[in-house]
Amino acid sequence: MEPHLLDEVLSLLEKFDLSYQLHVENHSQLVQGIYQKFPSLVPKKKPDSFPHKWPVKCPSDRKEYQLLVQLHTQFIPCGFFEKLSVRLNKMLSLHLDWRYGFVGILKNNTGNILCKCFEDKDGFGTLLVALRMKKNAECSKNAWVQLWLLLQPIRDVLQHYPCVMAHMFIVCSHCLKLKETNPSLEPQLFDVDHVLLSSKLPKSVKCKNGVMMKPIPLAEACPVRGQIIGDEIKQEHINHISETMAAHWKLLATKLPLKVGIAKCKTAIEQIEAKCPGDLQQQCVDMLAEWVTSADNATKSHLCECLRKIDKVKTAHEIEKMN
């Protein structure tokens, strides 16, 4: 194959999440250089070195955080984990991998990560994302930020499987600390979307593995929006949306929505239109400014989630990459 054709083919394979570039510097069996890796061709068997890279027991100087994605199918969708591996490779440096899992390190060298697909006790496809960070306040906050960033590629890949329903949970860190084999995943308490989007969260929750079912502080059991740093809406986010998708601002407004309830949202839209008739870009800016100042859930995460609901995935990606 001609070199220029090969480059085009490899570019297409990367575009469709079938392969990614692997930069090799120090390896006992490979010559230094750039390789093309295909996740669908890696061995099915878990490597023998896995226990060394990811010990069963979390090291004493580390704390473990977990997200669980339950797929409401009795199988792992074809190509799901392979696509996800390609997406996540941009954020990680892989240590080892197998067909349905990998162990790596975050590129900022702040923690180790395990990602694997398996069938749970009921036979449903499940994705586990576990992160081990050093035990200190700064790393604790950064851990939840990293997990939230890892959630976005998962959501994006799931969009390729519209018939597959998924439920995302924060695994109770209190249960992980106690090494419970059946941790709390109670809906409305540890559900990711509920924690991220709800404007009213309890100060404490009842973990089923808690001592005599005593309430546990929410900050100990699972993160709240206030613990997720870098999640505030900035003017540059508003400007970017108004410049790239002003024509769709009313559709976005109904998903946020403005104030509380669709009825009030429609009234707010009419008021914004009346202020600057015909100027879609300014209307978009005014709408987002109104949302930021009046809503309890005005976060960058929620904004990107709503952008995805109206099929503005590219814009959501661009907002997430901004500081």
Side chains of [X] and [Y]: is there a donor and an acceptor less than 3.5 Å apart?
X	Y	result
Q281	Q283	no
S40	E82	no
E243	N239	no
H160	D17	no
Q36	E14	yes

Rounded to the nearest 0.5 angstrom, the OG1-OH distance for T73 and Y161 is 10.5 Å
Does the side chain of M287 come within less than 4.5 Å of L252's, by heavy atoms?
yes
inquiry  = Measuring only between side-chain heavy atoms, which start at C-beta, is I319 closer than 4.5 Å to I241?
reply    =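 With C-beta onward as the side chain, the pair touches.
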Check your understanding: Hey, does the side chain of K134 reach the backbone of K63 with a donor-acceptor pair shorter than 3.5 angstrom?
Key -> no
- prompt: Would you find a donor on one side and an acceptor on the other, under 3.5 Å apart, between the side chain of K116 and the backbone of V129?
  reply: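 Checking the backbone N and O of V129 against the side chain of K116, no donor-acceptor pair under 3.5 Å is found.
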Identify whether the distance between the nearest side-chain nitrogen and carboxylate oxygen of E305 and K255 falls below 4.0 Å.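 Here E305 does not pair with K255 in a salt bridge, since their nearest N and O are not under 4.0 Å apart.
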Cationic tip of K83 above F81 ring, under 6.0 Å, 45° of axis
no
Measure from NZ or CZ of K53 to the centre of the six-membered ring of F50 and say whether it is under 6.0 Å with the direction within 45° of the ring axis.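 Not satisfied by the 6.0 Å and 45° rule.
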